Engineer: 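Would you mind keeping the following structure in view while I ask a few things?
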There are 2 protein chains.
Amino acid sequence: MSKEVGTEDFLRTIGALNDETRLRILRFIDLYGPVCVCDIEAAFGMIQSRISRHLKILKEAKFLTVERRGHWAYYAIRLPLDKFRLDVLKEISYLEMNLPEFKGCCKI
Amino acid sequence: MSKEVGTEDFLRTIGALNDETRLRILRFIDLYGPVCVCDIEAAFGMIQSRISRHLKILKEAKFLTVERRGHWAYYAIRLPLDKFRLDVLKEISYLEMNLPEFKGCCKI
DNA sequence: TTAGTATATCAAGATTTTTTGATGCATGAA
DNA sequence: TTCATGCATCAAAAAATCTTGATATACTAA
(Lines give C-alpha, C1' and ligand atoms only; values in the text may rest on other atoms or scores of the structure.)
Protein backbone atom coordinates (compact mmCIF):
# COMPACT_ATOMS: atom_id res chain seq x y z
CA MET A 1 0.00 0.00 0.00
CA SER A 2 1.54 3.31 1.05
CA LYS A 3 1.30 4.84 -2.38
CA GLU A 4 -2.44 4.51 -2.40
CA VAL A 5 -4.27 7.72 -2.08
CA GLY A 6 -7.81 7.61 -0.74
CA THR A 7 -9.29 5.84 2.19
CA GLU A 8 -11.38 3.85 -0.24
CA ASP A 9 -8.63 1.37 -1.11
CA PHE A 10 -7.63 1.03 2.50
CA LEU A 11 -11.21 0.36 3.52
CA ARG A 12 -11.54 -2.22 0.78
CA THR A 13 -8.43 -3.93 2.08
CA ILE A 14 -9.56 -3.81 5.68
CA GLY A 15 -13.08 -4.83 4.75
CA ALA A 16 -11.76 -7.91 3.01
CA LEU A 17 -10.11 -8.96 6.26
CA ASN A 18 -13.18 -8.31 8.34
CA ASP A 19 -14.67 -11.78 8.07
CA GLU A 20 -13.54 -14.98 9.69
CA THR A 21 -14.24 -17.13 6.64
CA ARG A 22 -12.09 -14.90 4.50
CA LEU A 23 -9.25 -14.98 7.01
CA ARG A 24 -9.35 -18.75 6.92
CA ILE A 25 -9.48 -18.88 3.14
CA LEU A 26 -6.61 -16.43 2.90
CA ARG A 27 -4.49 -18.47 5.28
CA PHE A 28 -5.44 -21.65 3.47
CA ILE A 29 -4.27 -20.26 0.15
CA ASP A 30 -1.17 -18.82 1.76
CA LEU A 31 -0.32 -22.30 2.99
CA TYR A 32 -1.39 -24.48 0.10
CA GLY A 33 -0.40 -22.38 -2.84
CA PRO A 34 -2.59 -22.02 -5.92
CA VAL A 35 -5.82 -23.85 -5.32
CA CYS A 36 -8.99 -24.02 -7.32
CA VAL A 37 -12.40 -23.07 -6.04
CA CYS A 38 -13.52 -26.66 -5.66
CA ASP A 39 -10.48 -27.38 -3.47
CA ILE A 40 -11.61 -24.68 -1.07
CA GLU A 41 -15.23 -25.70 -1.37
CA ALA A 42 -14.34 -29.28 -0.45
CA ALA A 43 -11.94 -28.36 2.34
CA PHE A 44 -14.26 -25.85 4.00
CA GLY A 45 -17.52 -27.64 3.39
CA MET A 46 -19.19 -24.50 2.12
CA ILE A 47 -21.29 -24.03 -0.96
CA GLN A 48 -19.65 -22.77 -4.07
CA SER A 49 -21.35 -19.41 -4.40
CA ARG A 50 -20.27 -18.51 -0.91
CA ILE A 51 -16.62 -19.39 -1.55
CA SER A 52 -16.72 -17.65 -4.89
CA ARG A 53 -17.97 -14.45 -3.35
CA HIS A 54 -15.29 -14.40 -0.67
CA LEU A 55 -12.60 -15.06 -3.25
CA LYS A 56 -13.86 -12.16 -5.28
CA ILE A 57 -13.64 -9.84 -2.29
CA LEU A 58 -10.10 -10.99 -1.48
CA LYS A 59 -9.12 -10.55 -5.10
CA GLU A 60 -10.58 -7.06 -5.28
CA ALA A 61 -8.66 -6.23 -2.13
CA LYS A 62 -5.50 -7.27 -3.96
CA PHE A 63 -4.63 -10.19 -1.75
CA LEU A 64 -5.25 -12.76 -4.45
CA THR A 65 -4.93 -13.35 -8.14
CA VAL A 66 -6.76 -15.83 -10.33
CA GLU A 67 -5.45 -17.78 -13.21
CA ARG A 68 -7.89 -19.71 -15.31
CA ARG A 69 -6.82 -23.05 -16.74
CA GLY A 70 -9.44 -25.09 -18.54
CA HIS A 71 -12.34 -25.71 -16.24
CA TRP A 72 -10.54 -24.43 -13.21
CA ALA A 73 -9.75 -21.11 -11.69
CA TYR A 74 -6.62 -21.15 -9.56
CA TYR A 75 -6.42 -18.62 -6.79
CA ALA A 76 -3.05 -17.68 -5.31
CA ILE A 77 -1.51 -15.00 -3.15
CA ARG A 78 -0.85 -12.02 -5.36
CA LEU A 79 2.80 -11.37 -6.04
CA PRO A 80 4.53 -9.19 -5.25
CA LEU A 81 2.65 -8.18 -2.14
CA ASP A 82 3.25 -4.73 -0.69
CA LYS A 83 4.58 -4.33 2.82
CA PHE A 84 1.26 -3.74 4.54
CA ARG A 85 -0.41 -6.82 3.07
CA LEU A 86 2.67 -8.86 3.93
CA ASP A 87 2.42 -7.64 7.50
CA VAL A 88 -1.23 -8.64 7.52
CA LEU A 89 -0.50 -12.12 6.17
CA LYS A 90 2.16 -12.61 8.80
CA GLU A 91 -0.24 -11.47 11.50
CA ILE A 92 -2.82 -13.94 10.23
CA SER A 93 -0.24 -16.70 10.27
CA TYR A 94 0.05 -16.18 14.03
CA LEU A 95 -3.66 -16.66 14.60
CA GLU A 96 -4.87 -19.81 16.17
CA MET A 97 -7.53 -20.80 13.68
CA ASN A 98 -8.89 -24.16 12.82
CA LEU A 99 -8.01 -24.66 9.23
CA PRO A 100 -9.30 -27.57 7.18
CA GLU A 101 -6.90 -30.01 5.60
CA PHE A 102 -6.03 -29.61 1.98
CA LYS A 103 -6.80 -32.47 -0.35
CA GLY A 104 -6.62 -31.66 -4.02
CA CYS A 105 -10.04 -32.40 -5.44
CA CYS A 106 -9.53 -31.56 -9.10
CA LYS A 107 -8.69 -34.38 -11.41
CA ILE A 108 -6.50 -32.63 -13.90
CA MET B 1 -0.41 -8.23 18.36
CA SER B 2 1.44 -11.42 17.48
CA LYS B 3 1.08 -12.94 20.89
CA GLU B 4 -2.68 -12.90 20.61
CA VAL B 5 -4.22 -16.25 20.22
CA GLY B 6 -7.62 -16.44 18.59
CA THR B 7 -9.00 -14.79 15.54
CA GLU B 8 -11.42 -12.96 17.77
CA ASP B 9 -8.98 -10.28 18.84
CA PHE B 10 -7.71 -9.86 15.33
CA LEU B 11 -11.24 -9.48 14.02
CA ARG B 12 -11.99 -6.92 16.72
CA THR B 13 -8.93 -4.97 15.66
CA ILE B 14 -9.77 -5.18 11.99
CA GLY B 15 -13.43 -4.45 12.62
CA ALA B 16 -12.50 -1.27 14.45
CA LEU B 17 -10.69 -0.09 11.35
CA ASN B 18 -13.52 -0.95 9.02
CA ASP B 19 -15.29 2.40 9.18
CA GLU B 20 -14.28 5.69 7.64
CA THR B 21 -15.38 7.76 10.62
CA ARG B 22 -13.23 5.69 12.95
CA LEU B 23 -10.22 6.00 10.67
CA ARG B 24 -10.63 9.76 10.74
CA ILE B 25 -11.06 9.84 14.50
CA LEU B 26 -8.03 7.62 14.97
CA ARG B 27 -5.90 9.84 12.76
CA PHE B 28 -7.24 12.92 14.49
CA ILE B 29 -6.23 11.61 17.90
CA ASP B 30 -2.92 10.43 16.54
CA LEU B 31 -2.23 13.98 15.38
CA TYR B 32 -3.70 16.05 18.18
CA GLY B 33 -2.78 14.02 21.19
CA PRO B 34 -5.16 13.45 24.08
CA VAL B 35 -8.46 15.05 23.24
CA CYS B 36 -11.79 14.96 24.98
CA VAL B 37 -15.00 13.76 23.41
CA CYS B 38 -16.36 17.24 22.93
CA ASP B 39 -13.23 18.21 21.02
CA ILE B 40 -13.94 15.47 18.53
CA GLU B 41 -17.64 16.19 18.53
CA ALA B 42 -16.96 19.82 17.70
CA ALA B 43 -14.30 19.10 15.10
CA PHE B 44 -16.27 16.43 13.25
CA GLY B 45 -19.71 17.99 13.60
CA MET B 46 -21.23 14.71 14.72
CA ILE B 47 -23.53 14.06 17.61
CA GLN B 48 -22.06 12.90 20.86
CA SER B 49 -23.51 9.41 21.02
CA ARG B 50 -22.06 8.63 17.64
CA ILE B 51 -18.56 9.79 18.59
CA SER B 52 -18.79 8.02 21.91
CA ARG B 53 -19.66 4.74 20.28
CA HIS B 54 -16.79 4.93 17.83
CA LEU B 55 -14.37 5.78 20.62
CA LYS B 56 -15.55 2.78 22.55
CA ILE B 57 -14.92 0.49 19.60
CA LEU B 58 -11.44 1.92 19.06
CA LYS B 59 -10.71 1.55 22.74
CA GLU B 60 -11.90 -2.06 22.82
CA ALA B 61 -9.68 -2.73 19.84
CA LYS B 62 -6.77 -1.43 21.92
CA PHE B 63 -5.95 1.53 19.77
CA LEU B 64 -6.99 4.04 22.41
CA THR B 65 -6.98 4.63 26.13
CA VAL B 66 -9.18 6.96 28.15
CA GLU B 67 -8.24 8.97 31.12
CA ARG B 68 -10.98 10.67 33.01
CA ARG B 69 -10.28 14.07 34.51
CA GLY B 70 -13.18 15.87 36.12
CA HIS B 71 -15.95 16.32 33.59
CA TRP B 72 -13.82 15.20 30.75
CA ALA B 73 -12.64 11.95 29.26
CA TYR B 74 -9.38 12.27 27.39
CA TYR B 75 -8.75 9.78 24.65
CA ALA B 76 -5.24 9.10 23.43
CA ILE B 77 -3.33 6.56 21.41
CA ARG B 78 -2.62 3.64 23.66
CA LEU B 79 1.01 3.26 24.64
CA PRO B 80 2.95 1.21 23.99
CA LEU B 81 1.41 0.09 20.73
CA ASP B 82 2.38 -3.29 19.35
CA LYS B 83 4.00 -3.56 15.95
CA PHE B 84 0.89 -4.41 13.99
CA ARG B 85 -1.12 -1.48 15.31
CA LEU B 86 1.85 0.80 14.70
CA ASP B 87 1.97 -0.43 11.12
CA VAL B 88 -1.72 0.30 10.81
CA LEU B 89 -1.38 3.81 12.21
CA LYS B 90 1.43 4.52 9.80
CA GLU B 91 -0.65 3.21 6.92
CA ILE B 92 -3.51 5.46 7.98
CA SER B 93 -1.16 8.42 8.14
CA TYR B 94 -0.53 7.94 4.42
CA LEU B 95 -4.20 8.13 3.54
CA GLU B 96 -5.54 11.18 1.88
CA MET B 97 -8.44 11.96 4.15
CA ASN B 98 -10.08 15.23 4.89
CA LEU B 99 -9.55 15.77 8.55
CA PRO B 100 -11.22 18.57 10.45
CA GLU B 101 -9.16 21.19 12.25
CA PHE B 102 -8.55 20.82 15.92
CA LYS B 103 -9.74 23.61 18.18
CA GLY B 104 -9.79 22.77 21.85
CA CYS B 105 -13.33 23.25 23.00
CA CYS B 106 -13.04 22.44 26.70
CA LYS B 107 -12.62 25.30 29.06
CA ILE B 108 -10.52 23.75 31.74
C1' DT C 1 -29.16 20.64 47.75
C1' DT C 2 -30.00 21.93 42.82
C1' DA C 3 -28.65 22.84 38.22
C1' DG C 4 -25.69 22.29 34.39
C1' DT C 5 -22.28 19.91 31.69
C1' DA C 6 -19.57 15.89 29.72
C1' DT C 7 -19.93 11.38 28.66
C1' DA C 8 -22.01 6.64 28.27
C1' DT C 9 -25.60 3.63 27.00
C1' DC C 10 -29.95 1.99 25.17
C1' DA C 11 -33.58 1.03 21.73
C1' DA C 12 -35.36 1.58 17.16
C1' DG C 13 -34.77 2.40 12.45
C1' DA C 14 -31.58 2.62 8.46
C1' DT C 15 -27.92 0.68 6.04
C1' DT C 16 -24.61 -2.77 4.86
C1' DT C 17 -22.91 -7.35 4.61
C1' DT C 18 -23.38 -12.34 4.46
C1' DT C 19 -25.63 -16.53 3.13
C1' DT C 20 -28.31 -19.30 0.22
C1' DG C 21 -30.45 -21.17 -3.87
C1' DA C 22 -31.18 -20.35 -8.66
C1' DT C 23 -29.44 -19.29 -12.99
C1' DG C 24 -26.06 -18.43 -16.61
C1' DC C 25 -21.74 -18.94 -19.03
C1' DA C 26 -17.63 -21.29 -20.44
C1' DT C 27 -14.93 -25.36 -21.26
C1' DG C 28 -14.06 -30.00 -22.59
C1' DA C 29 -15.62 -34.78 -23.24
C1' DA C 30 -18.65 -37.85 -25.52
C1' DT D 1 -23.77 -31.09 -31.34
C1' DT D 2 -25.14 -32.39 -26.55
C1' DC D 3 -24.07 -32.96 -21.86
C1' DA D 4 -21.63 -32.43 -17.45
C1' DT D 5 -18.66 -29.72 -14.74
C1' DG D 6 -16.38 -25.55 -12.62
C1' DC D 7 -17.15 -21.08 -11.70
C1' DA D 8 -19.51 -16.38 -11.52
C1' DT D 9 -23.42 -13.70 -10.52
C1' DC D 10 -28.01 -12.44 -9.08
C1' DA D 11 -31.99 -11.83 -5.90
C1' DA D 12 -33.98 -12.48 -1.53
C1' DA D 13 -33.65 -13.62 3.29
C1' DA D 14 -30.79 -13.36 7.45
C1' DA D 15 -27.46 -11.18 10.23
C1' DA D 16 -24.50 -7.53 11.57
C1' DT D 17 -23.40 -2.71 11.93
C1' DC D 18 -24.26 2.30 12.05
C1' DT D 19 -26.97 6.35 13.23
C1' DT D 20 -30.08 8.83 15.91
C1' DG D 21 -32.69 10.51 19.81
C1' DA D 22 -33.73 9.59 24.51
C1' DT D 23 -32.19 8.64 28.87
C1' DA D 24 -28.77 7.68 32.57
C1' DT D 25 -24.64 8.63 35.24
C1' DA D 26 -21.10 11.31 37.29
C1' DC D 27 -18.88 15.34 38.29
C1' DT D 28 -18.73 20.44 39.48
C1' DA D 29 -20.24 24.74 40.84
C1' DA D 30 -23.53 27.62 42.98
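Order of the sequence lines sets the chain letters (A, B, ...), proteins ahead of strands, with each chain counted from 1. Note that this is a predicted model, so its numbers are computed, not measured.
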Engineer: Taking it one step at a time, do B:L64 and B:L26 satisfy side chain to side chain contact (heavy atoms under 4.5 Å, CB included)?
Structural biologist: CA-CA 8 Å; B:L64 300 182; B:L26 195 50; 3.9 Å; yes
Engineer: Would you say A:R69 places a side-chain N or O within less than 4.0 Å of OP1 or OP2 belonging to C:dT27?
Structural biologist: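 Checking A:R69 against C:dT27: no side-chain N or O falls below 4.0 Å of OP1 or OP2.
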Engineer: Roughly how many Å is it from CZ in A:R12 to P in C:dT16, rounded to a whole number?
Structural biologist: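 Taking CZ of A:R12 and P of C:dT16, I get 16 Å after rounding.
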Engineer: Less than 6.0 angstrom from the centroid, inside 45 degrees of the normal: does B:R78 satisfy that with respect to the ring of B:F63?
Structural biologist: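 The answer is no, since B:R78 fails at least one limit relative to B:F63.
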Engineer: Output yes when A:D87 and A:K90 qualify as a salt bridge under the 4.0 Å nitrogen-oxygen rule, no when they do not.
Structural biologist: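 Judged by the 4.0 Å cut-off on N to carboxylate O distance, A:D87 and A:K90 do not form a salt bridge.
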Engineer: What's A:R53 touching, base or sugar-phosphate or nothing? Going by heavy atoms closer than 4.0 Å.
Structural biologist: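 Here A:R53 touches the bases of the nucleic acid.
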Engineer: The side chain of A:R22 is closest to which nucleotide in this list: D:dC7, D:dC18, C:dT18?
Structural biologist: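 Nearest listed nucleotide: C:dT18.
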Engineer: For B:F84 together with B:F10, are the ring centres under 6.0 Å from each other?
Structural biologist: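 That pair passes the under 6.0 Å test.
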Engineer: What is the distance, rounded to the nearest whole Å, between atom CD1 of A:I40 and atom P of D:dG6?
Structural biologist: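 For the pair A:I40 CD1 and D:dG6 P, the rounded distance is 14 Å.
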Engineer: For the pair B:Y32 and B:F102, name the ring-plane relationship: parallel under 30°, tilted 30 to 60°, perpendicular over 60°.
Structural biologist: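 Answer is parallel, since the angle falls under 30°.
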Engineer: Report yes if at least one side-chain N or O of B:Y75 is closer than 4.0 Å to OP1 or OP2 of C:dA8; otherwise report no.
Structural biologist: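 So the side-chain polar atoms of B:Y75 do come within 4.0 Å of the phosphate oxygens OP1 or OP2 of C:dA8, strictly under.
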Engineer: May I have the distance from A:R68 (atom CZ) to D:dG6 (atom P), rounded to whole angstrom?
Structural biologist: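 Rounded to the whole Å, the gap is 14 Å.
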Engineer: Counting heavy atoms from C-beta on, name the nucleotide in D:dG21, C:dG21, D:dC7 closest to the side chain of A:C38.
Structural biologist: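 Between D:dG21, C:dG21, D:dC7, the one nearest the side chain of A:C38 would be D:dC7.
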Engineer: Do the side-chain N or O atoms of B:K56 get closer than 4.0 angstrom to the phosphate oxygens (OP1, OP2) of C:dA8?
Structural biologist: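 For C:dA8, OP1/OP2 do not have a side-chain N/O of B:K56 under 4.0 Å.
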Engineer: Could you check how far CD of B:E41 sits from P of C:dT5, rounded to whole Å?
Structural biologist: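 Value for this atom pair: 13 Å.
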Engineer: By nearest atom, which of the nucleotides D:dC7, C:dG21, C:dA8 is closest to the B:V37 side chain?
Structural biologist: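 Between D:dC7, C:dG21, C:dA8, the one nearest the side chain of B:V37 would be C:dA8.
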Engineer: Looking only at side-chain atoms of A:S49, point me to the closest of D:dC7, C:dG21, C:dT5.
Structural biologist: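 It is C:dG21.
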Engineer: What integer distance in Å separates B:N18:CG from C:dT16:P?
Structural biologist: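 Those two atoms, CG and P, are 13 Å apart.
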Engineer: Could you tell me the separation between the CG atom of A:D19 and the P atom of D:dA16, rounded to a whole number of Å?
Structural biologist: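 The distance from CG of A:D19 to P of D:dA16 comes to 11 Å, rounded to the nearest Å.
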Engineer: Measure from the side-chain heavy atoms of B:W72 and tell me the nearest of C:dA6, C:dT9, C:dT19.
Structural biologist: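 Nearest listed nucleotide: C:dA6.
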Engineer: With the side chain of B:I47 defined as its heavy atoms from C-beta on, choose the nearest nucleotide among D:dT9, D:dT20, C:dA8.
Structural biologist: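 For the B:I47 side chain, the nearest candidate turns out to be D:dT20.
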Engineer: Given C:dA8, D:dT20, D:dA4, which nucleotide is nearest the side-chain atoms of A:H71?
Structural biologist: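 Of the candidates, D:dA4 comes closest.
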Engineer: Mind calculating the distance between CZ (A:R50) and C1' (D:dG6) to the nearest angstrom?
Structural biologist: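 Computing the A:R50:CZ to D:dG6:C1' distance gives 19 Å.
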Engineer: Indicate, yes or no, whether a donor-acceptor pair under 3.5 Å links the base of C:dA6 to the side chain of B:Q48.
Structural biologist: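 Not at all, since no donor on one side and acceptor on the other fall under 3.5 Å apart.
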Engineer: Nearest-Å distance, CG (B:L55) to C1' (C:dA6)?
Structural biologist: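 After rounding, the reported distance stands at 13 Å.
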